[in-house]
Amino acid sequence: MTDPRTEQIGSEAARLIQAGRTDDLNRAIHMAADALKLYGAPLPGRGRVRKHAQAMSMQALGETGYRERRREVWRIAEEIMTAFELALPEATTLLVGRAALGQIDAGVTIHIRIYADEPSQCIASILDEFGYEALLHSTADARVGRLNQIAFEEDGIKVVITRCLLSMWADRDRDVFTDKPVETAGLSELRQTLAFDEPQE
């Protein structure tokens, strides 16, 4: 039986994330335990916090609003991936992580990988040409070396583009930082998901 204190911490951690206090699940869990003064209580897992966050999102948005928000995440990803694949026919894009599963609660970020040998400046210029603004360039230390990233916001949702070399495609189903399996969706798969999730008249 789950310790009720664990559920309290999970619920509070989800509330902190929904309130914008932090977007890091582990930090939210520890902040919640401190705020509730439940020192020594068994801490909830990340999945449990996400379930609390999903319940809060569903309650705040309603089932229809939640589905519309999820479709918005997928729509933004599909538009960006389409822009890349139109501008760079040799490139391939993947939606990676929780957004690929449609999990939009607990601080969703749209993570897109673009597999291309073109420099990151070329990728940034494509985003610029398609009207994406306030591009923030950075590099991240991955297990395969340093990877260039571009971050921005679209309709209030954070988007992070990670440039991977074409030679990295074989490991596409692995997290570039942890090497753990990761959920992915290609452009055609994402379009099928959007078509299947089309609201019924």
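Any value given below was found using the heavy atoms of this structure, including those in side chains, with hydrogens, waters and symmetry copies removed.
By the side-chain hydrogen bond (donor to acceptor under 3.5 Å, both in side chains) test, Gln192 is found to be paired with no residue, residues two or more places apart in sequence or in another chain being considered. Looking at residues two or more places apart in sequence or on another chain, you find no salt bridge (charged side-chain N to carboxylate O under 4.0 Å, His left out) involving Glu189. In this structure, Glu153 has no side-chain contact (heavy atoms from CB on, under 4.5 Å) partners at least two apart in sequence or on a different chain. Residues satisfying the ring pair (Phe, Tyr, Trp, His ring centres under 6.0 Å) test with Phe84, not counting sequence neighbours, are none. With sequence neighbours excluded, no residue satisfies side-chain contact (heavy atoms from CB on, under 4.5 Å) with Ser188. With sequence neighbours excluded, the residues satisfying salt bridge (charged side-chain N to carboxylate O under 4.0 Å, His left out) with Asp179 are Arg143, Arg174. Checked against salt bridge (charged side-chain N to carboxylate O under 4.0 Å, His left out), Glu85 has no partners two or more places apart in sequence or in another chain. Partners of Arg163 under the salt bridge (charged side-chain N to carboxylate O under 4.0 Å, His left out) rule, at least two apart in sequence or in another chain, do not exist in this structure. Evaluation of the side-chain contact (heavy atoms from CB on, under 4.5 Å) rule for Leu36 yields Gln8, Ile9, Glu12, Leu38 as partners, not counting sequence neighbours.
Smallest separation of non-hydrogen atoms from Pro44 and Ile29: O-CD1, 3.5 Å. Scanning both residues, Val73 and Ala99, for their nearest heavy atoms gives CG1-CB, 4.0 Å. The two residues Ala13 and Ala32 have their closest heavy-atom pair at N-CB, 3.5 Å. The two residues Cys122 and Leu88 make their nearest non-hydrogen contact at SG-CD2, 4.3 Å. Contact record, Thr178 with Asp175: N-OD1, 3.0 Å, taken as the closest heavy-atom pair.
Leu166 and Leu86 fall into different hydrophobic clusters, where Ile, Leu, Val, Met, Phe, Trp and Tyr side chains are chained together by heavy-atom contacts under 4.5 Å. No path of Ile, Leu, Val, Met, Phe, Trp and Tyr side chains, each step under 4.5 Å between heavy atoms, connects Trp74 with Leu101, placing them in separate hydrophobic clusters. Hydrophobic clustering (ILVMFWY, side-chain heavy atoms < 4.5 Å, transitive): Val160 and Phe177 are in distinct clusters.
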For Arg69 and Ile157, run side-chain contact (heavy atoms from CB on, under 4.5 Å): C-alpha distance rounded to whole Å, both residues' side-chain angles, the deciding distance at 0.1 Å, then the answer. CA-CA 10 Å; Arg69 184 66 168 169; Ile157 300 172; 3.5 Å; yes

Under the side-chain contact (heavy atoms from CB on, under 4.5 Å) rule, what do Val176 and Arg113 come out as? Steps first, then yes or no, please. CA-CA 10 Å; Val176 295; Arg113 290 184 199 159; 3.8 Å; yes

Just do the side-chain contact (heavy atoms from CB on, under 4.5 Å) check on Arg172 and Thr184 with the steps written out, would you? CA-CA 8 Å; Arg172 61 191 176 278; Thr184 65; 5.6 Å; no

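The CG atom of Leu43 sits 7.5 Å away from the OG1 atom of Thr6 when rounded to the nearest 0.5 Å. Atoms CG and CG, on Asp173 and Leu94 in that order, are 9.5 Å from each other to the nearest 0.5 Å. To the nearest 0.5 angstrom, Ile114 atom CD1 is 6.0 Å from Ile126 atom CD1. Distance CD1/Ile123 to CG/Leu135: 11.5 Å, rounded to 0.5 Å. Atoms CG and CG, from Leu187 and Leu95 in turn, are 10.0 Å apart once rounded to the nearest 0.5 Å.
The salt bridge (charged side-chain N to carboxylate O under 4.0 Å, His left out) contacts involving residues 121-142 comprise Asp141-Arg146, where partners must be two or more places apart or lie in separate chains. The list of ring pair (Phe, Tyr, Trp, His ring centres under 6.0 Å) pairs with a residue in residues 108-129, not counting sequence neighbours, reads Tyr115-Trp169. Counting only residues at least two apart or on different chains, the ring pair (Phe, Tyr, Trp, His ring centres under 6.0 Å) pairs with a member in residues 121-149 are Tyr132-Phe152.
A salt bridge between Arg71 and Glu68 is absent, with no side-chain N of the basic residue lying under 4.0 Å from a carboxylate O of the acidic one.
Side chains of Ile110 and Met81 form no contact here, defined as non-hydrogen atoms less than 4.5 Å apart.
Shown here is Arg27, whose CZ atom has no more than 12 heavy atoms of other residues, nucleotides or ligands within 6.0 Å.
A side-chain N or O of Glu78 and one of Thr82 form a donor-acceptor pair less than 3.5 Å apart.
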